[in-house]
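In what follows, every chain begins at residue 1, and chains take the letters A, B, ... in the order their sequences are listed. Model, not experiment: these values are computed from the prediction.
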Protein chains: 4
Amino acid sequence: MPKISEAQRETRRQQILDAALVCFSRDGFHNTTTADIVRESGVSQGTLYLYFATKDDIVVAFADDRRQREMFLDAVAQSEQDPIQGLLALIELHGMSLRDAKRLDGRRVGVQAWAEALRNPRIHASVVEGLATVRATIERLIERAQAAGQIRPEVDPEGVSRTLVAVFHGMVLQVAWGEPLDLSACGPVIRGMIDGLLTAKGRQSIPA
Amino acid sequence: MPKISEAQRETRRQQILDAALVCFSRDGFHNTTTADIVRESGVSQGTLYLYFATKDDIVVAFADDRRQREMFLDAVAQSEQDPIQGLLALIELHGMSLRDAKRLDGRRVGVQAWAEALRNPRIHASVVEGLATVRATIERLIERAQAAGQIRPEVDPEGVSRTLVAVFHGMVLQVAWGEPLDLSACGPVIRGMIDGLLTAKGRQSIPA
Amino acid sequence: MPKISEAQRETRRQQILDAALVCFSRDGFHNTTTADIVRESGVSQGTLYLYFATKDDIVVAFADDRRQREMFLDAVAQSEQDPIQGLLALIELHGMSLRDAKRLDGRRVGVQAWAEALRNPRIHASVVEGLATVRATIERLIERAQAAGQIRPEVDPEGVSRTLVAVFHGMVLQVAWGEPLDLSACGPVIRGMIDGLLTAKGRQSIPA
Amino acid sequence: MPKISEAQRETRRQQILDAALVCFSRDGFHNTTTADIVRESGVSQGTLYLYFATKDDIVVAFADDRRQREMFLDAVAQSEQDPIQGLLALIELHGMSLRDAKRLDGRRVGVQAWAEALRNPRIHASVVEGLATVRATIERLIERAQAAGQIRPEVDPEGVSRTLVAVFHGMVLQVAWGEPLDLSACGPVIRGMIDGLLTAKGRQSIPA
DNA sequence: TATGAATGAGACTTCATTCAT
DNA sequence: AATGAATGAAGTCTCATTCAT
C-alpha cells in the first residue's frame, strides 16, 4: 500500500513539472540541468528521479500534456451546430490561447518540443499525433460543411487542415519569439481564407 | 599574416559547415559534439577552432546564412511588375523550396534554430531580422497593390504579412517532421486567402 | 520491548539473508542494491534496517554463518577413531559439499567474501578465523597420527594443513566459476598427497 | 598521424594501470573511484578516458595482463628436457612468485578478479582462459611423462592439473590475506603429491 | 514494529576548449 | 597553419540510509 495518496503524488509531480516549465522556458531543455529543476522545485535530486526516470521523461511529459488540450479543442469545435461556426470557433480559441500571457512559458517549451521532435522519437510521436488530432477535427468540420452544401465540394479538406494548422503553428512561433503580433489584424485574413472556401449558402451562416 | 588564401580559407570553412549541417540535422545542435563535426568533416579538433571561436558560432553561422536567401526572395518578388504577381511568386518560391529534398537538412536545422532563438540572443536577432525582411517584402507588395487599387484599402499589410509568414513557417515544420504534405492541395487555400484581399481590379491581374 | 517473538525475528532475518544470497550470487555484493534485496525478499526498505544496521552487516552475516559449518566439519573429523580416517573423511566431506548443487550460491558468495576479506576487517577476521579452525582440525589429526606412528615425524603439520586448505579453496574457485570439475579424478591425487606422508603403519589403516 | 608515439602512449597507459593497481589493492575495485586513480596517477579525469573507455576496462586490463605471465610459465616449463623436472620447475616458479613481496598488490587484485569473474563475462573469460593455459601446460607435461614411462599410465592428467592449479590458487589466497605462509613447509607436501604419481623410473629423474 | 517516500552525497562519464609541437 | 592529446568542470543518475506516519 502506498504511503502517499495518488493525489499527493500527482501534486508532487506537477510541482516538478511546473518548475521544469520555468527552467525550460528560460534556458531551454538542454541548458537546464536537473540541479536547476531541483532548485526551482524545491524537491531533492533523488525525489526528482522518484517521479521521472530520466530528464528526458520530463520533456516528454510536456509533449504528452499538450495532447489533452487538443482533445478539448476538438470537443468544443464539434459541439457547434454549424460546422462553419465550428471552424471559426477553433480559430477564435487559438487566438485566445495566443493572447493568454500565462501560457507564454508553455508556448516557448512547445516550440522547443517541435525541434526535439526531429530527433526524439517519443516527442515526434506525440507531436505528430497532436497534429493529426487537430487536423482530424478540422477535416471533419469541413466534410460536414461540404455535406451541408456550405463549402464547395472541390475543396480538399486535407489542404485546408494542413494550411490552417500551419498558420496556427506559425503564429505560436511569432508569439514565442516575442513578436508584437496583432491578432486582430490577422483574424480577418484567416477568416478570409475560410471565406474563400464557402458556397453562397455557406456565407449565410456567418454572422456579420 | 595568413598563409593560406582567402579562397582556401572559405573552402575549409564551408567544409566544416557542411559537416555540421549533417550532424545537426541528424542529432540536433545539443547532441552534436565537436568531435562529431571533426569526424564528419575530416578536419582536426584544433582546426575547427581556427575557423569558429566556439561551437555556438557554428550554429549562428547557419542562422546568418539563411538571411542571404531571404534577400534573394525579396529581389525576385519585387522584380515582378504586378505586385499581386509578386505575392504569388513569393508563395510559389516557398513551395518550390519546400519540395526540394536537397534542402531537408537545412530545414531541420532551421527548425532547431527557431527553438534556439528563444534563448540565444544572436540567433534570436538573426531569426527576427529574417522574419522582418520577408515581412517587409510582403508589406511593400501589398502597399503597392493597394496604391494600384488591386487590394482593398482597409486590408492591414502587417496582418497579411504575419499570417503569410506563419503559413510558410508552419509548412516548413510539417515538412521537417516528415509529414506527407501535399503542397498542390494547400496552394489553392493560400491563394484563396490572397484572393480574399483583392478588389475586382486586383482579380483581373491573376491569370486563369 | 520487542513485540514479535525471537523466533519470528529470526525467521524474518533469514528471509532477508536468503534473498541477499540470491542477489549477491547473481550480481555480486557491490552490484546488489538494498532495493534488490528488498525486492527479492519482500520486506520493505525500512524493515531491512531493523534487522541489519548497514548493508555491510548483511555481507558480514554470511561470513559468520560459514564459521558454523567449519565447526561441524571439525567435530566429524575428530570423531573418527583413526586420525588418518579423519583426514580422509575431511577430504570426502569437502568433495561432497562441492558436488552439492544447492550450495552453489553459497560458494559464489563465499568467493566474493574472500575478495572482500582483503579490505574489510570484519570479513577478514571471519575468513582468517575460519581458515584457522580448519587448519587446527587438520593439524590436530596429523599430530595424533604422528603420535600413533602413522605419519612420519618429520612432516610439518602446518605445511600439510596449509596445502590441504589451499586445495579445498582452489577447488571451490573452480566450481564457482562453473568449471567441469571431475572430483573423482582429483580425489586420488589428493589422497596420494596424504599417502606420501604416511609411514608403513599409517598405510595399513587405509582400506583398499 | 598520431602526435605521441606508441611508446609514449604505452608509458601513459602503464602509468594509469600502476596507479589503479595501488588503488585496487588498497580499496578494492568497487571502492576505488576514478577520482582515486586520477589522484594516484597524476593524469586528469579526461585523460583517463582517453586510455580506457570505462572504469571496467581498467579492471579487465589487469585480468588480461596476467594471461601473458601464464604464457611465460608455459614456455619455461616446456623448455625442461625432463617433464618431471618441468612440473617441479612450475611449482618452484609459483613458489618464487608467491615469495616476491613486490607482487603483493598484483595478487590482491588478482583475488578480486577471481570474484569479479563470477559476474563479469570478460573477466570470467580471461580467468578461465588463464586457467586453461596453465592446465594445458601441466597436462602436456604429464602426458609426456606418461609416454616416457615416468608417470603411471592410469593417472588422469586432468585430475592432476586441476588439483595442482587449485593448490596454486589456494596459496595465492593465503598470501593475499597476509597469512604467514611458510612455503618451504608446503613444498615437500606438494612434491609428495607429484611423487605419488611416479613410476620407479620417474623417481630416478628427481635429484636428491 | 513496519513502511516507503525522501534525501543528498558522490560516482562515472562527456565534451568544449586549449596549447605545445 | 594544422594537429590532436590533454584538461577539468559539469552533468545525469544511483543508492545507502533515515524518519514521519
Side-chain angles (χ1 to χ4, degrees), chain A residues 1-5 8-9 12 30-38 42-58, chain B residues 1-5 8-9 12 30-39 42-58, chain C residues 1-5 8-9 12 29-39 42-59, chain D residues 1-5 8-9 12 30-38 42-58:
Chain A
M1 74 197 81
K3 264 290 186 58
I4 61 173
S5 69
Q8 280 175 305
R9 189 176 164 79
R12 204 79 137 130
H30 299 281
N31 291 73
T32 294
T33 68
T34 55
D36 290 334
I37 300 175
V38 161
V43 307
S44 69
Q45 282 279 359
T47 301
L48 195 68
Y49 283 84
L50 234 39
Y51 288 84
F52 296 94
T54 74
K55 182 187 164 189
D56 226 62
D57 283 332
I58 304 180
Chain B
M1 70 198 80
K3 286 187 185 165
I4 61 170
S5 73
Q8 279 176 306
R9 186 172 170 81
R12 242 344 188 187
H30 298 280
N31 290 71
T32 294
T33 67
T34 56
D36 290 333
I37 300 173
V38 161
R39 209 173 302 120
V43 307
S44 72
Q45 197 78 243
T47 302
L48 199 67
Y49 282 82
L50 289 177
Y51 290 85
F52 297 94
T54 73
K55 182 187 166 188
D56 228 62
D57 283 330
I58 303 180
Chain C
M1 71 198 79
K3 287 186 185 164
I4 61 170
S5 72
Q8 277 176 308
R9 187 172 170 80
R12 248 332 195 191
F29 290 156
H30 298 280
N31 289 71
T32 294
T33 66
T34 56
D36 290 333
I37 300 174
V38 161
R39 210 174 301 121
V43 307
S44 72
Q45 198 77 243
T47 301
L48 199 68
Y49 282 83
L50 290 178
Y51 290 84
F52 297 94
T54 75
K55 181 187 166 187
D56 228 62
D57 283 329
I58 304 179
V59 177
Chain D
M1 72 198 79
K3 265 288 186 59
I4 61 173
S5 69
Q8 280 176 304
R9 190 177 163 78
R12 204 80 137 130
H30 298 281
N31 290 73
T32 294
T33 69
T34 56
D36 290 335
I37 300 175
V38 160
V43 306
S44 70
Q45 281 281 358
T47 301
L48 196 68
Y49 282 83
L50 234 41
Y51 288 83
F52 297 93
T54 73
K55 182 187 165 188
D56 226 64
D57 283 332
I58 303 180

- Using the closest heavy atom to pick a nucleotide of DNA chain F for each, name whichever of C:H30 or C:G46 lands nearer the 5' end. C:H30
- Task: Let me know the distance between CD1 of D:I58 and P of E:dA11, rounded to the nearest Å.
- Result: 15 Å
- Base paired to E:dT17 (Watson-Crick or G-U; both N/O distances under 3.5 angstrom): F:dA6
- Message: Just the rounded figure in Å: distance from C1' of F:dC19 to CD1 of A:I4.
- Response: 15 Å
- Message: Whole angstroms only, please: what is the CG-P distance between D:N31 and F:dT14?
- Response: 19 Å
- Item | 5' precedence on DNA chain E between B:A35 and C:L50 (nearest-nucleotide basis) | C:L50
- Task: With the side chain of D:S44 defined as its heavy atoms from C-beta on, choose the nearest nucleotide among F:dA2, F:dG8, F:dT17.
- Result: F:dG8
- Note on the structure: Separation of F:dT18 atom P from C:Q45 atom CD, nearest Å, is 12 Å
- Message: By nearest heavy atom, map A:G42 and D:T33 onto DNA chain E; which one lands nearer the 5' end?
- Response: A:G42
- Nucleotide E:dA16, atom P - distance to CG of B:D36 in whole Å: 8 Å
- Query: With no hydrogens and no angle check, is any side-chain donor or acceptor of A:T47 less than 3.5 Å from a backbone partner on A:L50?
  - Reply: no
- Query: The side chain of B:Y51 lies closest to which of these nucleotides: F:dA2, F:dA16, E:dA16?
  - Reply: F:dA2
- Query: Taking atom C1' of F:dG11 as reference, at what distance in whole Å does atom OH of A:Y49 sit?
  - Reply: 9 Å
- 5′-ward residue of the pair B:L48/C:T54 relative to DNA chain F: B:L48
- Task: Could you give me the CA-CA distance, side-chain angles and deciding distance for B:L48 and B:K55, then say whether side chain to side chain contact (heavy atoms under 4.5 Å, CB included) is met?
- Result: CA-CA 9 Å; B:L48 199 67; B:K55 182 187 166 188; over 6 Å; no
- Closest heavy-atom pair and its distance - D:I37, D:T32: CG1-CG2, 3.7 Å
- Quickly work out the D:R9 CZ to F:dA6 C1' distance and round it to whole Å. 12 Å
- Phosphate oxygens OP1/OP2 of E:dA16: is one of them under 4.0 Å from a side-chain N or O of B:T34? yes
- Return the nearest nucleotide to the side chain of B:K55; candidates are E:dT17, F:dA1, E:dT7. E:dT17
- Task: Check whether any side-chain heavy atom of D:H30 sits under 4.5 Å from a side-chain heavy atom of C:F29, and report yes or no.
- Result: no
- Separation of F:dG11 P from A:I37 CD1 (nearest whole Å): 12 Å
- Message: So A:T34 and A:Y49, do their side chains get closer than 4.5 Å, heavy atoms only?
- Response: yes
- Any side-chain N or O of B:R12 less than 4.0 Å from the OP1 or OP2 oxygen of F:dA2? yes
